[in-house]
Amino acid sequence: MGNFDFVAQAWPQFGEAAVRAESYLRADPRAAATYARRAGELFTAWIYSVENLPRPYDDSFSNLTRQRAFRDCVGETV
């Protein structure tokens, strides 16, 4: 059982990326980082869609997570 199995069960659309990130952690850290980012991008897009947040013109992952509406939704510590 992995740390992110619950993510794959609750949100299969991006849970696979989280599970893969963990599985590659020791064997291929660069691949793990890629999958971790992918999971973060997918989860962020999901939050924007579910919460009906306005998407900025620059919809890069970095900019999406810095938007005030997003931070108000998920909290400042995320």
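The structure displayed is predicted, hence computed values, not measured ones. The figures that follow rest on heavy atoms only: side chains count, while hydrogens, waters and symmetry mates do not.
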Self-check item: Hydrophobic cluster membership, W11 vs F61, 4.5 Å side-chain cutoff
Solution: no
Practice problem: Output, in order, the C-alpha distance, side-chain angles, deciding distance and verdict of side chain to side chain donor-acceptor pair (under 3.5 Å) for T34 and R30. | Solution: CA-CA 6 Å; T34 300; R30 288 183 187 147; over 6 Å; no
Practice problem: Can you measure from OG (S23) to CD (E16) and round to the nearest 0.5 angstrom? | Solution: 9.5 Å
Practice problem: Any chance you could measure D58, atom CG, to R66, atom CZ, to the nearest 0.5 Å? | Solution: 7.5 Å
Self-check item: Distance in Å, Y48 OH paired with Q67 CD, rounded so as to fall on 0.5 Å steps
Solution: 5.0 Å
Practice problem: Give the C-alpha distance, both sets of side-chain angles, the deciding distance and a yes or no for side-chain contact (heavy atoms from CB on, under 4.5 Å) between F70 and L64. | Solution: CA-CA 7 Å; F70 180 79; L64 288 173; over 6 Å; no
Quiz item: Is it the case that more than 12 heavy atoms not belonging to E22 sit under 6.0 Å from its CD atom?
Solution: yes
Quiz item: About how many Å separate OH of Y35 and OH of Y24, when rounded to the nearest 0.5 Å?
Solution: 5.0 Å
Quiz prompt | Nearest-0.5 Å distance that lies between atom OG1 in T44 and atom CG in N63 | solution = 11.5 Å
Self-check item: D5 side-chain N/O to G2 backbone N/O, donor-acceptor pair under 3.5 Å
Solution: yes
Quiz item: Which distance, rounded to the nearest 0.5 Å, do you find between the CZ of R38 and the CZ of F43?
Solution: 14.5 Å
Quiz item: Closest heavy-atom contact between A39 and A18?
Solution: CB-N, 3.8 Å
Quiz item: With I47, which of L42, V74, T65 fulfils side chain to side chain contact (heavy atoms under 4.5 Å, CB included)?
Solution: V74
Practice problem: Can you see which heavy atom on G15 is nearest to which on V7, and at what distance? | Solution: CA-CG1, 3.6 Å
